[in-house]
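What follows is a set of notes on a single structure, which appears directly below.
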Amino acid sequence: PTSANSRTASPVAPAACVRTSLSAAPSMAPLDADVSLGTDLAGEAKDPLAAADSPKSDDVAEALTDVRSAASSSSGDATLCEVHPALGGSLSPPLLDPLQLANFSPGPTSLPRAVEEQIASRFQQPSKLTSLALSHRSPEFGDILSRAVAAVRRVMAIPEGYEVLFMHGGGHGQFAAVPLNLCADRTEVATYVVTGTWSNRALIDASKYCSPHIVDKTGPGYSDFPELSESDIAPGSKFVYVCSNETVNGVELFRLPQLPERHRGVPLVVDASSDVTTKAIDWVGANV
């Protein structure tokens, strides 16, 4: 993407955006320029890590040479191409950007400003310790934990028969924790319904700890969730794994799959790490 007031020195490879600082004094040291990969003419994102091996790198180098030549007779600062830092993976806004930063990336998200301010104010109370400095065995932290569990149960309507565990390691940690807890050894079988990137990664991890039976009817594009038949569930399966929201490929479950009658007693494991609070969950139908 280029700014409205940009100047083009010479044709540049479609996948490249050239950004350079033009010095007001031609006698100064050679100009610093960088190349940031944006999108090609078809709108497809290009990987910055592949820039060095790109067949168009010679074109970019030639374009930079033309830019330097054009800059030698210029004065002031000019921007040939504005590239937002987020396109390179940065979570810091450009300088002088008037917009408030919000993070919609996977993992940590943005908190409401009022919540951030309340948290910050706690650090200004010298007579009290924040949760960062409390022992996990102290009654103060026990109170925090009990209130957190109660809030989670209320918001997510979790029945009393289910325990709430706060686990580190995220979804990847559970890829290993599930088969390690539900399968006694690598000979035991578990059925994995593969509908995208995350269920495929879970399958790869599970193969280290059990013998996965794979259900993959979606084809190369991962565009649907299959109806599960009797023959899909491996005999003796210790559990059936599904991912309720494949964020990479776009397949999302809005209701849990119904296991065939003969396999209703097999535990259903649902990876809902990316949509766990976005919709009601059938806790009785989902065992883990």
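Owing to the predicted nature of the structure, the values given are computational and were not obtained by experimental measurement.
Atom-to-atom distance recorded for N245:CG and T278:OG1 is 7.0 Å, nearest 0.5 angstrom. Y241 contributes atom OH, which lies 12.0 Å from atom SG of C210 (distance to the nearest 0.5 angstrom). Put simply, CD on E227 and CD on Q258 are 9.5 Å apart, with the number rounded to the nearest 0.5 Å. The line from CD of Q174 to OG of S273 is 9.0 Å long, rounded to the nearest 0.5 Å. To the nearest 0.5 angstrom, T130 atom OG1 is 9.5 Å from R122 atom CZ. If you take OG1 on T191 and NE2 on H213, they are separated by 5.0 Å, rounding to the nearest 0.5 Å.
The two residues S223 and V251 come nearest to each other via the heavy atoms C-CG2, 3.9 Å. When every heavy atom of M156 is checked against every heavy atom of I281, the shortest pair comes out as CE-CD1, 4.4 Å. When all heavy atoms of L253 and C243 are compared, the pair lying nearest together is CD1-O, 4.2 Å. For the residue pair Y222 and G196, the shortest heavy atom distance occurs at CD2-N, 3.5 Å.
Counting heavy atoms from C-beta outward, I233 and V240 have side chains that approach closer than 4.5 Å. Annotation: side chain of V193 is in contact with side chain of P226 (closest heavy-atom distance under 4.5 Å). At a threshold of 4.5 Å between non-hydrogen side-chain atoms, the residues F166 and V152 count as touching. Taking the side chain as every heavy atom from C-beta outward, V242 and L268 approach each other to under 4.5 Å. T195 places none of its side-chain heavy atoms less than 4.5 Å from the side chain of D216. At a threshold of 4.5 Å between non-hydrogen side-chain atoms, the residues S237 and H263 do not count as touching. The shortest side-chain heavy-atom distance between I158 and V164 falls under the 4.5 Å cut-off.
E117 pairs by the salt bridge (Lys or Arg N to Asp or Glu O under 4.0 Å) definition with nothing, not counting sequence neighbours. Every side chain to side chain contact (heavy atoms under 4.5 Å, CB included) that S229 has, sequence neighbours left out, goes to K217, S231, D232. S138 meets the side chain to side chain contact (heavy atoms under 4.5 Å, CB included) test with L134, S135, E140, F141; sequence neighbours excluded. Not counting sequence neighbours, D271 has no partner by the salt bridge (Lys or Arg N to Asp or Glu O under 4.0 Å) test.
Residue F123 is grouped with residue V115 when hydrophobic side chains (ILVMFWY) are merged at heavy-atom distances under 4.5 angstrom, including chains of intermediate members. V248 and Y192 fall within a single hydrophobic cluster, where Ile, Leu, Val, Met, Phe, Trp and Tyr are joined by side-chain heavy atoms under 4.5 Å apart, directly or via other members. If you chain together hydrophobic residues whose side chains sit under 4.5 Å apart, F225 and V215 fall into the same group. Under a hydrophobic-cluster definition in which Ile, Leu, Val, Met, Phe, Trp and Tyr are linked whenever side-chain heavy atoms come within less than 4.5 Å, directly or via other members, V269 and M167 are assigned to different clusters. With hydrophobic clusters built from ILVMFWY side chains whose heavy atoms lie under 4.5 angstrom apart, L256 shares a cluster with L228.
Remark: R264 CZ is packed, more than 12 non-hydrogen atoms of other residues, nucleotides or ligands lying under 6.0 Å away.
Listed by first and then second residue, the side-chain hydrogen bond (donor to acceptor under 3.5 Å, both in side chains) pairs that reach into residues 279-288 are E252-K279, D275-K279, sequence neighbours excluded. Pairs passing the salt bridge (charged side-chain N to carboxylate O under 4.0 Å, His left out) check and including a residue from residues 188-212, sequence neighbours excluded, read E188-K238, D205-K208.
The aromatic rings of F175 and W198 lie tilted to each other, with the angle between the two planes from 30° to 60°.
With hydrogens and angles ignored, the 3.5 Å screen pairs a side-chain donor or acceptor of R186 with a backbone N or O of S207. A donor-acceptor pair is defined here as one N or O able to donate and one able to accept, closer than 3.5 Å; no such pair exists between the side chain of D143 and the backbone of P139.
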Inset, instruction - Mind running side chain to side chain contact (heavy atoms under 4.5 Å, CB included) on V178 and F239 for me, showing each step along the way? - result: CA-CA 9 Å; V178 166; F239 62 88; 3.7 Å; yes
